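A short write-up of the structure that comes next.
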Amino acid sequence: DGVADDTDEIRTAITAASVAGGTVFFPCGTYVVSKPAEAGALIVNANNVTLQGASRSCTTLTFPNTTTDAAIVAIGSTATTLSKITVRSLGFDGNGANWSATGTHYAILKSTGAGTNNLTDLVIDDCFFTNFGNNTNTQNSVIRLDRRYNTAAVTNSVFLANERGIDARCESGVACSGVQIAGNFFDQTGALGVSTDDYNIQTTYVTSTGLSNVVIERNQCRGACHGRCIVSAASAGPIVNANFAENCVADQIIVTEVTGGRTSGCVVTGNTAVNGSDGGIGIESPTGQLGPVSCTVTGNTATGNGRAGF
């Protein structure tokens with residue numbers, strides 16, 4: 001009903017679905033979920049678990065007021081190998097205007113708490129995300145994939161009025177592979193941010209790991225765009241294809257390198273970047289590095305940007 005705290009009841013359902021795999025179904029309604037002692041309100045630590053809403057427009061999970069440093073859904077909070085986790089047709093409202101003064105908040109967090117955990121076959125599809133940010137707290141990503149994962153997809157979802165969007169990073173000392181970010185719509189991401197370093201989509205890694213098989217395609221950054229639409233670093237690739245960006249205040253679509261790392265074999269095709277305050281489409285590197293190599297760049301359009309189109 002948007003008033004009562006539903007955390008315990010939903011956790012009981014997730015526990016039941018975790019015994020042999022199953023689906024937790026959310027009928028239409030607003031579900032208030034709060035953080036217990038753990039970093040996540042709703043924690044998934046078992047294989048073959050699906051969180052399924054009736055519709056992203058009528059089923060909403062939300063934080064209560066004065067929430068501090070939490071995720072609505074946390075996946076893999078223990079050192080466990082997990083597979084086949086799905087989040088589909090759910091709405092997430094961060095309630096950012098009513099957070100406490102400190103802390104970092106997420107809708108979905110592939111947990112950073114256990115460096116040895118591994119996740120395969122994560123699907124986040126047909127969801128709606130809003131109000132993750134409040135102009136005071138920093139680094140509030142809607143979705144953060146961290147540590148070890150392989151074959152993760154974020155598809156066909158809507159992001160409206162958040163600080164940052166999707167942050168896919170690999171930092172555990174073990175390589176990650178197989179990230180697909182496709183068919184998503186962003187508007188006003190960064191409107192609740194505090195830095196032009198904010199982004200709608202970011203992929204990155206540390207040099208001791210590596211991130212490969214990254215595909216970012218058919219995403220749209222429309223309306224207001226406080227930072228960048230796409231900034232992608234991968235040790236092999238990435239493929240950045242048929243994305244549309246407009247009105248971003250920083251370079252709109254960027255393939256880059258991490259400090260001390262190399263990006264090789266990127267493909268940048270069929271993208272459009274218009275009316276940005278800074279550059280349109282770019283391939284760049286940190287100061288003192290040679291930059292990405294063996295990249296294919298073709299069929300892109302950049303017009304009306306404040307600096308170079310490409």
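Numbers here are sequence positions counted from 1. No experiment lies behind these values; they were computed from the predicted model shown. What's counted below: heavy atoms across the whole structure, side chains too, no hydrogens, waters or symmetry copies.
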* To do: Could you check Ile166 against Phe186 for side chain to side chain contact (heavy atoms under 4.5 Å, CB included), going step by step and ending with a plain yes or no?
  => CA-CA 10 Å; Ile166 302 166; Phe186 301 83; 4.0 Å; yes
Applying salt bridge (Lys or Arg N to Asp or Glu O under 4.0 Å) as the test, list every pair that has at least one member in [range]; sequence neighbours left out.
{"range": "residues 284-298", "result": "Arg228-Glu284"}
{"range": "residues 43-66", "result": "Arg56-Asp126"}
{"range": "residues 287-308", "result": "Asp251-Arg307, Asp278-Arg307"}

If I compare all heavy atoms of [X] with all of [Y], which pair ends up nearest, and what's the gap?
{"X": "Ala234", "Y": "Val214", "result": "CB-CG2, 4.0 Å"}
{"X": "Gly309", "Y": "Ala302", "result": "O-CB, 3.2 Å"}
{"X": "Ile281", "Y": "Ala273", "result": "CG1-CB, 3.8 Å"}
{"X": "Thr256", "Y": "Pro286", "result": "OG1-CD, 4.5 Å"}
{"X": "Val49", "Y": "Ala17", "result": "CG2-O, 4.0 Å"}
{"X": "Ala71", "Y": "Leu109", "result": "CB-CB, 3.8 Å"}

Taking the side chain from [X] and the backbone from [Y], do they hold a donor-acceptor pair closer than 3.5 Å?
{"X": "Asp187", "Y": "Leu160", "answer": "no"}
{"X": "Arg11", "Y": "Ala41", "answer": "yes"}
{"X": "Asp93", "Y": "Thr60", "answer": "no"}
{"X": "Asn162", "Y": "Phe129", "answer": "yes"}
{"X": "Gln252", "Y": "Val274", "answer": "yes"}
{"X": "Asp1", "Y": "Ala4", "answer": "yes"}
{"X": "Lys110", "Y": "Ile75", "answer": "no"}
{"X": "Asn247", "Y": "Gly223", "answer": "yes"}
{"X": "Ser157", "Y": "Cys127", "answer": "yes"}
{"X": "Ser212", "Y": "Ala236", "answer": "no"}

* Asked: Can you list every pair that meets ring pair (Phe, Tyr, Trp, His ring centres under 6.0 Å) and has a residue in residues 255-300, with sequence neighbours left out?
  -> none
* To do: With sequence neighbours excluded, give me every ring pair (Phe, Tyr, Trp, His ring centres under 6.0 Å) pair touching residues 8-29.
  => Phe26-Tyr31
* To do: Report yes if some heavy atom in the side chain of Val32 is under 4.5 Å from a heavy atom in the side chain of Val3; otherwise report no.
  => no
* Close side-chain approach of Thr59 and Gln52, heavy atoms under 4.5 Å -> no
Which pairs of donor and acceptor atoms, one on a side chain in residues 238-245, lie under 3.5 Å apart (sequence neighbours left out)?
{"unit_1": "Asn241", "atom_1": "OD1", "unit_2": "Thr269", "atom_2": "OG1", "d": "2.8"}
{"unit_1": "Asn243", "atom_1": "OD1", "unit_2": "Arg218", "atom_2": "N", "d": "3.3"}
{"unit_1": "Asn243", "atom_1": "OD1", "unit_2": "Asn219", "atom_2": "N", "d": "3.0"}
{"unit_1": "Asn243", "atom_1": "OD1", "unit_2": "Asn219", "atom_2": "ND2", "d": "3.1"}
{"unit_1": "Asn243", "atom_1": "ND2", "unit_2": "Ile216", "atom_2": "O", "d": "3.0"}
{"unit_1": "Asn243", "atom_1": "ND2", "unit_2": "Asn241", "atom_2": "O", "d": "3.2"}
{"unit_1": "Asn243", "atom_1": "ND2", "unit_2": "Asn271", "atom_2": "OD1", "d": "3.0"}

Non-neighbouring partners of [X] that pass side chain to side chain donor-acceptor pair (under 3.5 Å), sequence neighbours left out:
{"X": "Gln202", "result": "Asp167"}
{"X": "Gln220", "result": "Arg222"}
{"X": "Asp125", "result": "Arg88, Thr155, Asn156"}
{"X": "Ser55", "result": "Ser57"}

* To do: Supply the members, apart from Val19, of the Ile/Leu/Val/Met/Phe/Trp/Tyr cluster built from side-chain contacts under 4.5 Å; use none for a lone residue.
  => none
* **The single option from Thr62, Val33, Val87 passing side-chain contact (heavy atoms from CB on, under 4.5 Å) against Ile72** => Val33
* **Verdict with reasoning, Ser177 to Asn213, per side chain to side chain donor-acceptor pair (under 3.5 Å)** => CA-CA 6 Å; Ser177 177; Asn213 297 322; 2.8 Å; yes
* Asked: Checking disulfide bond (SG atoms under 2.5 Å apart) for the pair Cys248/Cys229: CA distance, chi angles, key distance, verdict?
  -> CA-CA 7 Å; Cys248 292; Cys229 177; 5.4 Å; no
* side chain to side chain donor-acceptor pair (under 3.5 Å) between Ser232 and Thr203: does it pass, once the steps are laid out? -> CA-CA 5 Å; Ser232 180; Thr203 67; 2.7 Å; yes
* Asked: How far does CD1 of Ile253 sit from CG of Asn300, to the nearest 0.5 angstrom?
  -> 7.5 Å
* Could you list the residues that satisfy disulfide (SG to SG under 2.5 Å) with Cys266, not counting sequence neighbours? => Cys295
* To do: Assess whether side chain to side chain contact (heavy atoms under 4.5 Å, CB included) is satisfied between Asp198 and Glu163, documenting all intermediate values.
  => CA-CA 7 Å; Asp198 293 333; Glu163 179 189 346; 3.5 Å; yes
* **Test side chain to side chain contact (heavy atoms under 4.5 Å, CB included) applied to Phe63 and Asn131, step by step** => CA-CA 10 Å; Phe63 284 131; Asn131 295 326; over 6 Å; no
* Cys pair Cys176, Cys170: SG separation below 2.5 Å -> yes
* Using the side chain to side chain contact (heavy atoms under 4.5 Å, CB included) rule, take Phe92 and Phe132 through it: C-alpha gap first, then chi angles, then the decisive distance, then the call. => CA-CA 9 Å; Phe92 293 81; Phe132 285 86; 4.0 Å; yes
